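Written out below as C-alpha cells is the structure these notes cover.
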There are 2 protein chains.
Amino acid sequence: MKPAPEAPRPPAPRLMPRPSLGDEVYELLLAEVIANRMAPGDRLSVDGLARQFGVSQTPIRAALIRLEAEGLVVKKHNSGYSVADQLSATRFRDTYDFRLLVEPATAAAAARHATPAQIEALRTATLRMGKLSSDTKANYSRFAVADAEFHGQIAEAAGNEIVRESLHRLYTHMHLFRLRYHATVAVDAVNEHDAIVAAIAARDARGAETAMRAHIEASRRRMEPCFNET
Amino acid sequence: MKPAPEAPRPPAPRLMPRPSLGDEVYELLLAEVIANRMAPGDRLSVDGLARQFGVSQTPIRAALIRLEAEGLVVKKHNSGYSVADQLSATRFRDTYDFRLLVEPATAAAAARHATPAQIEALRTATLRMGKLSSDTKANYSRFAVADAEFHGQIAEAAGNEIVRESLHRLYTHMHLFRLRYHATVAVDAVNEHDAIVAAIAARDARGAETAMRAHIEASRRRMEPCFNET
DNA sequence: ACATCAAATATCGTATCGGATATTGGGTGT
DNA sequence: ACACCCAATATCCGATACGATATTTGATGT
C-alpha cells in the first residue's frame, strides 16, 4: 500500500507483526480528517480511495466503517460515505452541558487521585500551551491538540476510564470545529488551565472543580459567537 | 442470505430500499449478543458465520467491525473476533461513578423540560416494569431491557443527545452483565423508578435528582455482590 | 432558461479466490 | 506427564470480478 500524502514507508522488519491495511488506512484517513484537509460533506469514495492508496476496497471499507462508528463520517446506503457535518448549535449546547456535568467533578477527582508524575505532566502541558499562544493558524492547531490532551490527562488522573473515553470522543469533534471556525488562541484559556493545575497540585478538589467550571463556561462564551458568524 | 435462527424473511417489496447484508448481519449478531446466547471469549469466526448465514465474508466483516467499535466484541489481528469480556470490577466502578455524575442532573433536566407525552411514556414504562417483577429469568431479561429504555427516556426528556448516547452505550454493556450474573428482579428498583417519575411529573428538579441518585446508589449496592460471587 | 428523460458512467455491495498467518493435532524426546 | 517440533488444516486478510444502484451527462421539449 502507498500512503496518500507522505513519503513511502520503509519495509517492515520480518520479526515485527505487520499491521493490517485496514488499520493503516484508518489512521491515514483519521489524520486527514483531524488535519482538516476535508470539509463537511466531502465525498469519500471507496473506489477512489482504493485507487489513491493503491489498495483494494476491503481495507478502505474497514476504515470507513470505523470512522463512521466514531461519528466522523456518515454513510448513505448504496451511495457512499461523506465527511460528517460540523457541530450544530444544538450539539454545541449539548457538548458544553455535558462537559459542565462531567469535567468539574473530574477535576476534583484528579485533585484527590493524581500521582506526582501526572501533576508534573499537567504542568508541562500548560507550559507548552503557553508557548503556543500566538495567533498563527498552525499554532492554533497545535494548541487545540494540546488542549484536548490536557483535558484527557485530567480525566486520566481522575481514574475513570469511561469519562476519559467519553471526553475523547467529544474532543475529536470539537477539535474539528475549532480548526474550521475558530482560530484565535485564547490567552485566557492558558491562564484558566494554570488555575486548574494549581488547584489539582494543591490537592484542592473544590478549587479544581470551580476552576474547571469557570474554564468551561469561559470556553463556551469564547466559541458561541462562531454560531452567528457562519 | 438466510437468517441464523429465525424464520425465512418474506421477499422485500420492490419499492422499498433493500437493507445491506452488512446491516442485517449486524442486527442479527447484535441480537445474539444482547440475548446472551454467546459467552465472553466465544470465538466469532468470519468464515464460520459466513457459512452459517449463507453469505460471503464481506458483510460478516462489516458487522463485526461495527460491533467492535461498540465494545461488544474484540478483535485480534490475524486471529479473529471474540465476544468481549464481562464488566470488570474497575469498569463497574467507573460505570457507577459516571452514572452518578450524569444521571441525577439528567433527571433534574427532565423535570424541567419533559413534555406531557414524555411523562406519560415514563409512567407507562414503570407500570410495565412493575408487571415484570417476578423472578423468572425471561422476565428479568425483559426487565433489564425495559430498565435501559426507561433511563434512555429520561435522558431524552432531558434533551441532551450526547448524554443519551453515552448512557446508551453504558447500558448495553450493563445489560449483558446483568443477564449473565444477576437475575433477580429488584422490586425496590420499581419503587425507585416510581419516585423518579413522580418527581419529574411534579416538575420537581431537586426531587428528581435526589430520587435518581438514591436509585443509582441502591442499584450499585444490589449488583456489587456479583463481583464476589463470580 | 429550465425541466424531463434516457443512456453512459461511476460507485457500492457482495461473492469468490488465493496467499499469509494462526491453530490444531500428532509424533518424538525427556 | 510435559515440552517441543512439524505438518496439516482452518482462518484471516486483501485483491479481484461482477451485478445492483446511484450519479452524471447529453438530448429533447416547453
Side-chain angles (χ1 to χ4, degrees), chain A residues 1-4 8-9 11-29 38-39 41-69 72-84, chain B residues 1-4 8-9 11-30 38-69 72-84:
Chain A
M1 181 187 79
K2 56 181 183 183
R9 287 183 308 109
R14 264 303 99 202
L15 295 183
M16 299 285 288
R18 182 153 167 41
S20 72
L21 289 177
D23 286 345
E24 292 188 37
V25 171
Y26 168 79
E27 299 289 349
L28 285 172
L29 286 179
M38 301 176 187
D42 279 2
R43 291 294 309 266
L44 293 164
S45 149
V46 174
D47 281 0
L49 290 170
R51 282 191 298 269
Q52 183 183 343
F53 288 174
V55 300
S56 77
Q57 295 173 353
T58 312
I60 303 292
R61 287 225 201 77
L64 289 172
I65 292 166
R66 282 175 67 185
L67 288 168
E68 189 201 13
L72 297 172
V73 303
V74 293
K75 176 180 184 294
K76 188 176 170 194
H77 180 43
N78 277 336
S79 178
Y81 290 86
S82 54
V83 177
Chain B
M1 182 187 82
K2 55 182 184 182
R9 288 183 306 108
R14 265 301 102 202
L15 294 183
M16 299 285 284
R18 179 151 168 43
S20 71
L21 289 176
D23 286 345
E24 293 189 32
V25 170
Y26 167 79
E27 298 289 349
L28 285 171
L29 286 178
L30 180 63
M38 304 178 186
D42 279 2
R43 289 296 305 270
L44 292 165
S45 150
V46 175
D47 281 0
L49 289 170
R51 283 190 297 269
Q52 182 182 343
F53 287 174
V55 298
S56 78
Q57 297 169 352
T58 312
I60 304 292
R61 283 210 209 96
L64 288 172
I65 291 166
R66 282 174 67 184
L67 288 168
E68 189 200 14
L72 297 172
V73 303
V74 292
K75 175 182 186 294
K76 187 175 170 195
H77 180 45
N78 278 335
S79 178
Y81 290 85
S82 54
V83 177

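Only this structure's heavy atoms are used, side chains among them; waters, hydrogens and symmetry mates stay out. Numbered from 1 within each chain, the chains take letters A, B, ... in sequence-line order. Source: prediction; values computed, not measured.
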Nucleotide nearest B:Ser45 when distance is taken to its side chain, options D:dT23, D:dG14, D:dT11: D:dT11
Spacing between B:Asp47 atom CG and D:dT9 atom P, to the nearest angstrom: 17 Å
Side chain to side chain contact (heavy atoms under 4.5 Å, CB included) between A:Leu49 and A:Tyr81, worked out: CA-CA 11 Å; A:Leu49 290 170; A:Tyr81 290 86; over 6 Å; no
B:Val83/B:Arg43 under side chain to side chain contact (heavy atoms under 4.5 Å, CB included): CA gap, chis, key distance, verdict: CA-CA 7 Å; B:Val83 177; B:Arg43 289 296 305 270; over 6 Å; no
Contact under 4.0 Å: A:Arg51 side-chain N or O vs C:dT11 OP1/OP2: yes
A:Ser56 side-chain proximity, nearest of D:dA15, C:dT14, D:dC12: D:dA15
Sugar-phosphate only, base, or nothing, as touched by A:Gly48 at under 4.0 Å among non-hydrogen atoms: nothing
Side chain to side chain, B:Val46 and B:Leu64, heavy atoms closer than 4.5 Å: yes
5' priority, DNA chain D, between A:Asp23 and A:Asn78 [closest heavy atom]: A:Asp23
Spacing between A:Glu68 atom CD and C:dG13 atom P, to the nearest angstrom: 10 Å
Rounded interatomic separation in angstrom, taking OH from A:Tyr81 and P from C:dA10: 22 Å
Closest nucleotide among C:dT14, C:dT23, D:dG14 to the A:Leu21 side chain: D:dG14
Interatomic distance, A:Arg61 CZ vs D:dG14 C1' [rounded to whole Å]: 12 Å
A:His77 side chain, from C-beta outward: closest of D:dG14, C:dG13, D:dT23: C:dG13
Rounded interatomic separation in angstrom, taking CD1 from A:Ile60 and P from D:dG14: 11 Å
Under-3.5 Å donor-acceptor pair between B:Thr58 side chain and C:dA15 base: yes
Within-4.5 Å side-chain heavy-atom neighbours: B:Leu30 and B:Arg66: no
Any B:Ser79 side-chain nitrogen or oxygen under 4.0 Å from OP1 or OP2 of D:dT11: no
Criterion side chain to side chain contact (heavy atoms under 4.5 Å, CB included) on B:Lys75 and B:Ile65, from CA distance to verdict: CA-CA 8 Å; B:Lys75 175 182 186 294; B:Ile65 291 166; 5.9 Å; no
Atom-pair distance (CG on A:Leu64; C1' on C:dT11), nearest Å: 13 Å
Spacing between B:Lys75 atom NZ and D:dT11 atom P, to the nearest angstrom: 16 Å
C:dC12 base / A:Gln57 side chain donor-acceptor hit below 3.5 Å: no
Whole angstrom value for the distance that separates P of C:dG13 from CZ of B:Phe53: 19 Å
Under 4.0 angstrom between A:Lys76 side-chain N/O and C:dT11 OP1 or OP2: no
